[in-house]
Amino acid sequence: MPEELAVRIENLSIRYEVNVDTKRTLKNYIMRASKGEKVRTRTVKAVTDLSLDIPHGSVLGILGANGAGKSTLMRSIAGILPPTEGRITVNGKISTLLALGVGFNPALSGRDNIILGGLASGMTRAEIESKTDEIAAFAALPEGFIDMPVRTYSSGMYGRVAFSVAVNMQPDILLLDEALSAGDASFKEKSFNRMRELCEEARTIVIVSHALQTVIDLCDTAIWMHKGVMVEHGKPQDLVSHYLKFLDVGALPSSFEDM
Amino acid sequence: MGPYLKEFWNRRAFAIELSRFGDKAEYLDSKLGKVWLILNPLLLAMVYFLLVTVIRGSASKTSGLSTLAHILIELFTFYFAQNCIGGGALSITAGGRLILNQAFPRALLPLSSSISAFWQFVPTIPVYILVVIVGELFFPKTYIPGLRLTYLWAPFIIICVGITGFGLALIFATLNVYFRDTSKLLTYITRIWLYASPVLWRPDILHGWHQIILYINPLGPTLAATSEVWISGKSPTHLELIGCVGWSFLAMLVGGYFFISRERDFAIRI
């Protein structure tokens with residue numbers, strides 16, 4: 001893979017089977033087997049034959065309606081979901097925020113959760129501990145909250161800590177799925193600035209967002225996915241107008257906020 | 001497999017801290033929480049002791065304490081394995097959001113459960129020793145071996161129990177992803193397993209080909225060796241040692257292969 005690329009995706013297809021009409025229990029399996037019945041399954045084609053190069057220092061936006069395959073693609077880049085066909089090559093350390101507040105144990109303090117999140121992403125304890133205060137400051141937690149149980153946090157604080165952990169782990173590649181909805185206007189501004197700083201440091205960001213204005217403001221390029229297929233790859237402004245035309249909703253203010 | 005094991009080793013601190021933080025969270029609001037970890041098997045051992053002595057007839061002054069000591073140490077050891085397997089079986093389905101967000105060797109989650117089970121087991125040893133010391137005051141004619149070199153086998157046996165428990169946890173954790181009632185079924189399996197293991201009965205009651213009952217049981221050789229060291233004051237037999245190592249190796253090999261070969265499916269099925 002050329003050195004200037006952070007991620008190369010070649011002919012990626014992801015398919016998986018889901019049970020249609022039964023609970024996944026041993027009891028059901030034995031009952032059906034004794035009657036000679038087979039479990040009905042359906043094959044979901046989450047991503048089909050997608051090829052894409054993401055250069056270092058770029059911000060890529062991913063657009064698409066629910067069920068388009070955006071989150072599956074992100075998880076595949078992160079190494080969480082295996083490709084059924086094709087290949088993904090990643091050049092650098094990945095930090096992810098794919099499900100808000102992931103891994104957070106509500107009974108533990110914010111500090112303990114930050115340490116756990118960092119260790120899971122492969123950092124050493126010393127590295128994380130040196131960053132904990134920075135993460136707490138970025139998340140703008142009220143004084144003393146970092147050592148309070150996470151269950152006492154508001155949903156905004158919860159989201160801000162999760163986002164703060166992801167962006168402060170010194171990632172080469174940052175994958176964010178709907179993470180920018182956390183926090184108020186001031187935190188969003190701070191998040192944007194932090195992401196711009198990351199880009200200036202030649203780090204790569206991939207964002208999934210339904211907030212179209214965010215994609216236009218932050219991204220260098222964008223892709224539009226529909227039912228697992230990449231429909232278009234281009235400049236965010238052009239792509240957003242094509243996407244809105246496709247959805248037939250027009251350029252309403254709400255379209256640019258959260259769709 | 002090489003890169004997986006390397007990554008697994010590099011991130012072992014995560015499993016250790018996950019276990020530590022998990023225990024901390026569990027017992028944060030319960031002052032008696034950790035005490036119950038010891039009280040539960042201790043009280044259960046008393047109940048089993050009463051049952052065994054009632055069924056067998058009254059406990060004689062020479063065998064009563066050794067029967068209690070046997071039940072205690074075997075039950076504590078069995079619980080260690082049971083907690084490895086039970087906690088490990090739930091570790092993947094309970095770690096769903098973590099699995100959906102980050103890529104890391106998933107075997108770290110059952111490992112974390114096994115580490116927790118080990119730290120729950122450790123305080124039971126001084127409790128066992130205390131019960132034996134106090135018991136000897138009331139039953140002075142009972143033979144329980146004092147401090148002797150054969151106790152050096154104890155760490156080896158505990159390691160074998162931990163490895164076997166972890167290997168079996170990998171199997172049940174994988175099964176629980178595919179069949180969500182596995183963990184419920186496991187409750188019954190472990191109860192039957194307890195009765196089929198040399199916990200309520202002494203392994204030396206088996207002779208000849210009947211000893212096969214011990215060796216087809218993954219925990220049989222380790223529990224027999226435990227009884228040999230703690231109750232009889234002898235070193236484990238060669239056959240018991242081969243059984244301990246053999247089951248540890250087999251559980252890790254089968255469990256590791258089954259888990260790793262299915263691991264890439266977990267994010268889809270959770």
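Bear in mind that the values here come from a model prediction, so they are computed numbers and not experimental data. Letters go in sequence order (proteins before strands), and every chain restarts at 1.
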| query | Is it true that atom NZ of A:Lys45 has more than 12 heavy atoms of other residues, nucleotides or ligands lying nearer than 6.0 Å? | reply | no

| field | Interchain contact, B:Leu108 with chain A, by part (heavy-atom threshold 4.5 Å) | value | neither

| query | Is any side-chain heavy atom of B:Phe179 closer than 4.5 Å to a side-chain heavy atom of A:Thr25? | reply | no

| query | Side chain, backbone, both or neither: which part of B:Arg11 has a heavy atom under 4.5 Å from chain A? | reply | side chain

| remark: What one should report as the nearest heavy-atom pair of B:Ala103 and A:Ala78 is CB-O, 3.2 Å

| Taking atom OH of B:Tyr4 as the centre, does the number of heavy atoms from other residues, nucleotides or ligands within less than 6.0 Å exceed 12? | yes

| Part of B:Phe104 within contact of chain A (heavy atom distance under 4.5 Å) | side chain

| task | Please flag which part of B:Arg269 lies under 4.5 Å from any non-hydrogen atom of chain A: side chain, backbone, both or neither. | result | both

| For B:Arg12, is it the side chain, the backbone, both, or neither that has a heavy atom closer than 4.5 Å to a heavy atom of chain A? | neither

| Do you know the tightest heavy-atom contact between A:Thr96 and B:Asn101? | OG1-O, 2.6 Å

| message | Heavy-atom count check: over 12 atoms from other residues, nucleotides or ligands less than 6.0 Å from B:Met46 CE? | response | yes

| Roughly how far apart are B:Glu17 CD and A:Ile128 CD1, rounded to 0.5 Å? | 8.5 Å

| What closest approach, in Å, do A:Ile80 and B:Arg106 show between heavy atoms, and which atom pair accounts for it? | CG2-NH2, 3.6 Å

| task | Examine distances only and state if a side-chain atom of B:Asn10 and a backbone atom of A:Gly122 form a donor-acceptor pair shorter than 3.5 Å. | result | no

| field | Neighbour count >12 (heavy atoms, 6.0 Å) for atom OH, B:Tyr195 | value | yes

| remark: CD1 (B:Ile268) and CZ (A:Arg15) are apart, to the nearest 0.5 Å, by 11.5 Å

| Between B:Leu185 and A:Leu26, is any pair of side-chain heavy atoms under 4.5 Å apart? | yes

| said: Strictly distance-based, threshold 3.5 Å: is any side-chain N or O of A:Arg75 a donor or acceptor partner for the main-chain N or O of B:Leu100? | reply: yes

| said: Surrounding CD1 of B:Ile212 (heavy atoms of other residues, nucleotides or ligands, distance under 6.0 Å), is the total greater than 12? | reply: no

| Which atoms of A:Ala120 come close to chain B, meaning under 4.5 Å heavy atom to heavy atom: side chain ones, backbone ones, both, or neither? | both

| field | Side-chain heavy atoms of A:Pro83 within contact of B:Arg264, under 4.5 Å | value | yes

| field | Contact origin within A:Ile115 toward chain B - heavy atom pairs under 4.5 Å | value | side chain

| request: Measure the spacing between CG of A:Asn28 and CZ of B:Arg180 and express it to the nearest 0.5 Å. | output: 13.5 Å

| field | Other residues, nucleotides, ligands: >12 heavy atoms within 6.0 Å of A:Arg125 CZ | value | yes

